[in-house]
Amino acid sequence: MMAHDLATHLHGHGWVSRLALWYSVPTRIVALLVRQLLKLSRTVPAVGCTVVGFLMVSYFGFILMSLIFYDSLLDSLLFLAPLFAPLLFIGQAKLLERMADRAVADLGYGRKLLEVFYGWQAQHQESSRRLGLAQPDWLAGQPSIAERIRSLEVYLQSR
């Protein structure tokens, strides 16, 4: 696993994750405010519905205003950036994990890493069966263990 950590640091995972952390600060603040509004809407439903309705109308109003008064479509698409930016960072993190796995294989530890992944996969299946959890992996910050195994096996066979 030390080889994987070395490969992660060599392939720029550190600066990308720091950049994603700083770009996600406004989103985290908004998420905190949304959580507080949801707590308020559970206790007083009329206030929650009013606030959520106002926010939705104002957000779509900004998009409509930018479509009407600005010359390019890019300005209106920038209002949708907070919705799609986290998905780009998730995809980048998954790509960097796969690159780190390939770098470990280049260092000569590919088969050992596959053994570790198979062990993790067996532990994960056992614990999810025991707890009855089935969580989708498409929003995870890392690729699933099965994806990493497939990617690494294909890379090792192509070498």
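The figures here come from the full heavy-atom set of this structure, side chains too, leaving out hydrogens, waters and symmetry mates.
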Q. For Leu32, what residues pass the side chain to side chain contact (heavy atoms under 4.5 Å, CB included) criterion, not counting sequence neighbours?
A. Arg35, Gln36
(Q) Suppose we screen for side chain to side chain contact (heavy atoms under 4.5 Å, CB included). Which residues come up paired with Arg111, at least two apart in sequence or across chains? (A) Leu114, Leu156
Q: Could I get the full list of side-chain hydrogen bond (donor to acceptor under 3.5 Å, both in side chains) partners for Glu115, not counting sequence neighbours?
A: none
Q: Could you walk me through whether Tyr155 and Asp106 pass the side-chain hydrogen bond (donor to acceptor under 3.5 Å, both in side chains) test, one step at a time?
A: CA-CA 10 Å; Tyr155 182 71; Asp106 289 339; 2.6 Å; yes
Q) Can you tell me how far the OG atom of Ser151 sits from the CD atom of Glu97, to the nearest 0.5 Å? A) 11.0 Å
Q) What is the minimum heavy-atom distance between Ile145 and Phe117, and which atoms define it? A) CG2-O, 3.4 Å
Q: Could you pull out the closest heavy-atom pair between Leu152 and Ala105, with the gap in Å?
A: CD1-CB, 3.9 Å
Q) Taking only residues two or more places apart in sequence, or in another chain, which ones meet Arg102 in a salt bridge (Lys or Arg N to Asp or Glu O under 4.0 Å)? A) none
Report, one line per pair, each donor and acceptor closer than 3.5 Å where one atom sits in a side chain of residues 43-62; sequence neighbours left out.
unit_1	atom_1	unit_2	atom_2	d
Thr43	OG1	Leu40	O	2.8
Thr50	OG1	Ala46	O	2.7
Ser58	OG	Phe54	O	3.1
Ser58	OG	Leu55	O	3.0
Tyr59	OH	Phe79	O	2.0

